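What follows is a single structure, written as structure tokens, with notes after it.
Being a predicted model, the structure only gives us computed values, none of them experimental.
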Amino acid sequence: ARTKLLASALAAILAPASALAVAVAPSSVLAADVQKADCRMHAVHLSKVGDGTIPKELRFLETQLRADEFAIYKGFALVDQKSLKIQRGKTSEVTFSSGNRLGLSLLDNDDKRLKLHASLGSRDGTKSLLNTDYSIEDGGILMIGAGSYSHQGNDGKLFFVADVDSAPYGD
């Protein structure tokens, strides 16, 4: 398993829709010109109700979910999961069961980091919650906080997690 570390939690405190970049220890150098990447998207519900057990489908996030920023949460649930391929210069979009629409595009890369653009729309589609460029180490994770959300009768917060890898999973 890859060891992942939180890069920043300040955005979670300052903005209603926040982005937390999570990086992995670099294991290799990126190709000179990355043209495509695979992305696994997860909609994750965090609530104050639960026994603190992280389900197996979310264990890849265990380090982050056990961090101080998330200590208040005791319930963890995978709400939705999608896969998409992103290409340089093109936006790939996916709509989640919550109604949120997320777009990702590959902008560029250097020898260690992918440069991407992420956009997230509100559940009703009337406003943009996030529209930003960011860079992240290949194989890193981006967590986007999307505000309050109720799942199976539990109030909590909804997060979207993008796990991006330039070595395509399906190829």
Run the side chain to side chain contact (heavy atoms under 4.5 Å, CB included) test on His117 and Asn131 for me, step by step, so that the C-alpha distance in whole Å, both residues' side-chain angles and the decisive distance to 0.1 Å come before the verdict. CA-CA 7 Å; His117 180 84; Asn131 191 5; 2.5 Å; yes
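- One distance of note links CG of Leu58 with CD of Gln81; it measures 8.5 Å at 0.5 Å rounding.
- With values rounded to the nearest 0.5 angstrom, Leu114 atom CG is found 9.0 Å from Ser135 atom OG.
- Scanning for salt bridge (charged side-chain N to carboxylate O under 4.0 Å, His left out) contacts around Arg66 gives Glu62, with sequence neighbours left out.
- Ion pairing between Asp33 and Arg88 holds under the 4.0 Å rule for side-chain N and carboxylate O.
- Separating the CG atom in Leu84 from the SG atom in Cys39 is a distance of 5.0 Å, to the nearest 0.5 Å.
- In this structure, the side chains of Leu61 and Ile54 stay at 4.5 Å or more apart for every pair of heavy atoms.
- Taking the six-membered ring where tryptophan is involved, the planes of His45 and His151 are tilted, since the angle between them lies from 30° to 60°.
- Put simply, OG on Ser47 and CG on Asp155 are 8.5 Å apart, with the number rounded to the nearest 0.5 Å.
- Of the possible polar contacts, one joining the Lys74 side chain to the Ala71 backbone as a donor-acceptor pair under 3.5 Å is found.
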I'd like to know whether Lys48 forms a side chain to side chain contact (heavy atoms under 4.5 Å, CB included) with Ile72, so could you lay out the CA-CA distance, the side-chain angles of the two residues, the decisive distance to 0.1 Å, and finally the verdict. CA-CA 6 Å; Lys48 296 178 184 178; Ile72 193 169; 3.3 Å; yes
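- Listed here is the closest heavy atom pair of Phe160 and Ala146: CE1-CB, 3.6 Å.
- Closest non-hydrogen pair, Ala118 versus Leu142, comes out as CB-CD2, 4.1 Å.
- When side chains are defined from C-beta on, Leu158 does not count as touching Val44, because their heavy atoms never get closer than 4.5 Å.
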Stepwise side chain to side chain contact (heavy atoms under 4.5 Å, CB included) test for Phe60 and Val161: CA-CA 11 Å; Phe60 74 101; Val161 180; 4.0 Å; yes
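- Residues Lys85 and Ser92 come closest through the heavy atom pair O-OG, 2.6 Å.
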Identify all side-chain donor-acceptor contacts of residues 97-107 below 3.5 Å with residues at least two apart in sequence or on another chain.
from	atom 1	to	atom 2	distance (Å)
Ser97	OG	Asp80	OD2	3.3
Ser98	OG	Asn100	N	3.3
Ser98	OG	Asn100	OD1	2.6
Asn100	ND2	Gly121	O	2.9
Arg101	NE	Glu93	OE1	3.1
Arg101	NH1	Thr95	OG1	2.8
Arg101	NH2	Glu93	OE1	2.9

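- Below 30°, between 30° and 60°, or above 60°: for Phe70 and Phe159 the angle between ring planes is above 60°, a perpendicular geometry.
- Contact annotation: the side chain of Met143 approaches that of Gln64 to within less than 4.5 Å [non-hydrogen atoms, C-beta and beyond].
- With values rounded to the nearest 0.5 angstrom, Ile141 atom CD1 is found 5.0 Å from Asp163 atom CG.
- Nearest heavy-atom pair across His42 and Phe96 is C-CE2, 4.5 Å.
- In plain terms, the two heavy atoms of Ser148 and Arg123 that are nearest each other are O-NH2, 2.5 Å.
- Heavy-atom minimum distance, Ser166 versus Val34: CB-CG1, 3.8 Å.
- Contact check on Asp165 versus Arg40 returns no salt bridge, with no Lys/Arg side-chain nitrogen under 4.0 Å from an Asp/Glu carboxylate oxygen.
- Glu57 pairs by the salt bridge (charged side-chain N to carboxylate O under 4.0 Å, His left out) definition with nothing, not counting sequence neighbours.
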